[in-house]
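Accompanying notes for the structure given below.
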Amino acid sequence: MSSLTAKYPDLSACREDIEAGYRCLSRAYEAGGKLLVCGNGGSAADSEHIVGELMKGFMSKRPLSSDRRGLLESAFREDGAYLANHLQGALPAISLVSHSALMTAYANDVAADMVFAQQVYGLAKPEDVLIAISTSGNSGNVVRAVQVAHALGVATIALAGSGGGKLADLCDVTIRVPWTSTPDIQERHLPIYHTLCMMVEQDFFGDRHEGAIEEDRNVRGA
């Protein structure tokens, strides 16, 4: 966190909210949950970017736990070691913007502003968390997704601009970048979610917790 605010001093104003977002995300993973993330345009690209940092090694190589290695090696005598050596620990995350067939069908057949909401309704569990990205905080389809998440008891984190828009009143945590221009806001969203990803990765794949999330899933029977 200190490196983030040293590089981007203007984000010091968001420090408490970023820390709250980290705790929210970490609690979801501790509970065996997953991340859902959505946004439009550049924020859609950010959604994909976040998933890319969580589903594979980001700052850590995330080697598999001994239990998971053994599972693969016992299932496939010849290929098990290769599989184990080329898989990495994952923090489950789904970018809602990736489902093009569902999104286009729902927008055409039902309602365009309900696409993300339908995905949240179909995918989300109470232990999950939704990151909603909107520079204005007022993107209709993102707001609808948060409304459904709230009704289902799913924690919500918003990445927005200085005003926060409608998301500020709906989300459990709203990280408001102190800028009003869309490009300026998006430029700050990236280091914020990089920081969140690094902090959560350290929790589950740091030296003291190597492979902990996989072993926890084994206990839960996932």
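For clarity, every value in this text was computed on a predicted model and none was experimentally measured. Heavy-atom basis, side chains included; hydrogens, waters and symmetry copies ignored.
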- Message: Quick check for you: to the nearest 0.5 Å, what is the distance between Leu25 atom CG and Ile131 atom CD1?
- Response: 5.5 Å
- Task: Decide yes or no for Ser26 and Phe204: does some side-chain heavy atom of the first lie under 4.5 Å from some side-chain heavy atom of the second?
- Result: yes
- Task: Identify the heavy atoms of Ala160 and Gly164 that sit nearest to each other, and give their distance.
- Result: CB-CA, 4.0 Å
- Message: Between Glu201 and Met59 (side chain of the first, backbone of the second, donor and acceptor by atom type, cut-off under 3.5 Å), is there such a pair?
- Response: yes
- Pairs flagged by side chain to side chain donor-acceptor pair (under 3.5 Å) wherever residues 156-173 is involved - sequence neighbours left out: Thr156-Asp172
- Please collect all ring-ring contact (aromatic ring centres under 6.0 Å, His included) contacts where either partner lies in residues 145-177, sequence neighbours excluded, each pair once. none
- Message: Just to verify, what does Arg15 make a salt bridge (charged side-chain N to carboxylate O under 4.0 Å, His left out) with, not counting sequence neighbours?
- Response: Glu19
- Determine whether the side chains of Asp203 and Tyr22 contain a donor N or O and an acceptor N or O closer than 3.5 Å. yes
- Query: Rounded to the nearest 0.5 Å, how far does OH of Tyr121 lie from CE of Met114?
  - Reply: 10.5 Å
- Message: Minimum heavy-atom separation for Leu152 and Pro126, please, with both atom names.
- Response: O-CG, 4.1 Å
- Heavy-atom check, side chain of Val129 versus side chain of Ile157, under 4.5 Å: yes
- Query: Of all residues at least two apart in sequence or in a different chain, which pass the salt bridge (charged side-chain N to carboxylate O under 4.0 Å, His left out) check with Glu53?
  - Reply: none
- Any Val148 side-chain heavy atom under 4.5 Å of Val154 side chain: no
- Here the salt bridge (charged side-chain N to carboxylate O under 4.0 Å, His left out) pairs for residues 131-145, sequence neighbours left out, are Asp113-Arg144
- Out of Met55, Gln119, His99, which residue meets the side chain to side chain contact (heavy atoms under 4.5 Å, CB included) rule with Ile94? His99
- Task: Return each pair, listed once, that meets salt bridge (charged side-chain N to carboxylate O under 4.0 Å, His left out) where at least one residue sits in residues 150-165; pairs must be two or more places apart or across chains.
- Result: none
- Item | Closest heavy-atom pair and its distance - Ser95, Ser47 | OG-CB, 3.7 Å
- Side chain proximity check, Ile50 to Ile133, heavy atoms < 4.5 angstrom: yes
- Message: Quick check: is Val115 connected to Val142 through a chain of hydrophobic side chains (ILVMFWY, heavy atoms under 4.5 Å apart)?
- Response: yes
- Query: Got a donor-acceptor contact below 3.5 angstrom from the Lys34 side chain to the Leu123 backbone?
  - Reply: yes
- Item | Donor-acceptor contact present, side-chain Thr5 to main-chain Ser2, <3.5 Å | yes
- Pair listing, side chain to side chain donor-acceptor pair (under 3.5 Å) test, anchored in residues 73-84, at least two apart: Arg69-Glu73
- Do Thr195 and Leu4 touch side chain to side chain, with heavy atoms closer than 4.5 Å? yes
- Report yes or no: do Ser139 and Ser134 form a side-chain donor-acceptor pair below 3.5 Å? yes
- How about Leu54 and Tyr29: do any of their side-chain heavy atoms sit closer than 4.5 Å? yes
- With sequence neighbours excluded, residues passing salt bridge (charged side-chain N to carboxylate O under 4.0 Å, His left out) with Asp46: none
- same_hphob_cluster(Leu96, Tyr193) at 4.5 Å side-chain heavy-atom cutoff: no
- Is it true that Leu167 and Val120 fall in one hydrophobic cluster, defined by side-chain heavy atoms closer than 4.5 Å? yes
- Please test Val143 against Leu170 for side-chain contact (heavy atoms from CB on, under 4.5 Å), starting from the C-alpha separation and ending with a verdict. CA-CA 8 Å; Val143 169; Leu170 287 170; 3.7 Å; yes
- Can you list the residues that meet the ring-ring contact (aromatic ring centres under 6.0 Å, His included) rule with His194, with sequence neighbours excluded? His49, Phe58
- Gap between atom CE of Met199 and atom CE of Met1 - 0.5 Å precision: 4.5 Å
- Message: Any non-hydrogen side-chain atom of Val37 less than 4.5 Å from a side-chain atom of Leu130?
- Response: no
- Determine whether Leu159 and Ile192 make a side-chain contact, defined as any pair of heavy atoms from C-beta on separated by less than 4.5 Å. yes
- Task: Treat each ILVMFWY residue as a node, draw an edge where side-chain heavy atoms are under 4.5 Å apart, and state whether Met198 and Ile18 are in one component.
- Result: no
- With Glu127 via salt bridge (charged side-chain N to carboxylate O under 4.0 Å, His left out) - residues at least two apart: none
- Query: Closest heavy-atom contact between Ala158 and Cys171?
  - Reply: CB-SG, 3.6 Å
- Query: With no hydrogens and no angle check, is any side-chain donor or acceptor of His189 less than 3.5 Å from a backbone partner on Ser43?
  - Reply: no
- Hydrophobic cluster identity match, Val51 and Val200, side-chain contacts under 4.5 Å: yes
- Task: Calculate, to the nearest 0.5 Å, the distance between atoms SG and CD belonging to Cys197 and Gln202 respectively.
- Result: 13.5 Å
Exercise answer: donor-acceptor pairs, residues 173-187 side-chain atoms, under 3.5 Å, sequence neighbours excluded:
unit_1, atom_1, unit_2, atom_2, d
Trp179, NE1, Asp10, OD2, 2.6

- Quick one: CG on Asn40 to OG on Ser136, what's the gap to the nearest 0.5 Å? 9.0 Å
- Message: Any side-chain to backbone donor/acceptor pair from Asn85 onto Ala81? Under 3.5 Å, distance only.
- Response: yes
- Item | More than 12 heavy atoms from other groups under 6.0 Å of CD on Glu48 | yes
Just distance, no hydrogens or angles: give the donor-acceptor pairs under 3.5 Å from side chains in residues 101-109, sequence neighbours left out.
unit_1, atom_1, unit_2, atom_2, d
Thr104, OG1, Ser100, O, 2.8
Thr104, OG1, Ala101, O, 3.2
Tyr106, OH, Gln118, OE1, 3.0

- Message: Could you report the tightest heavy-atom contact between Phe116 and Ala145, atom names first, then the distance?
- Response: CB-CB, 3.6 Å
- Value for CG (Leu71) from OG (Ser66), rounded to nearest 0.5 Å, stands at 11.5 Å
- Minimum heavy-atom distance Ala132-Val146, with the two atoms named: CB-CG2, 3.6 Å
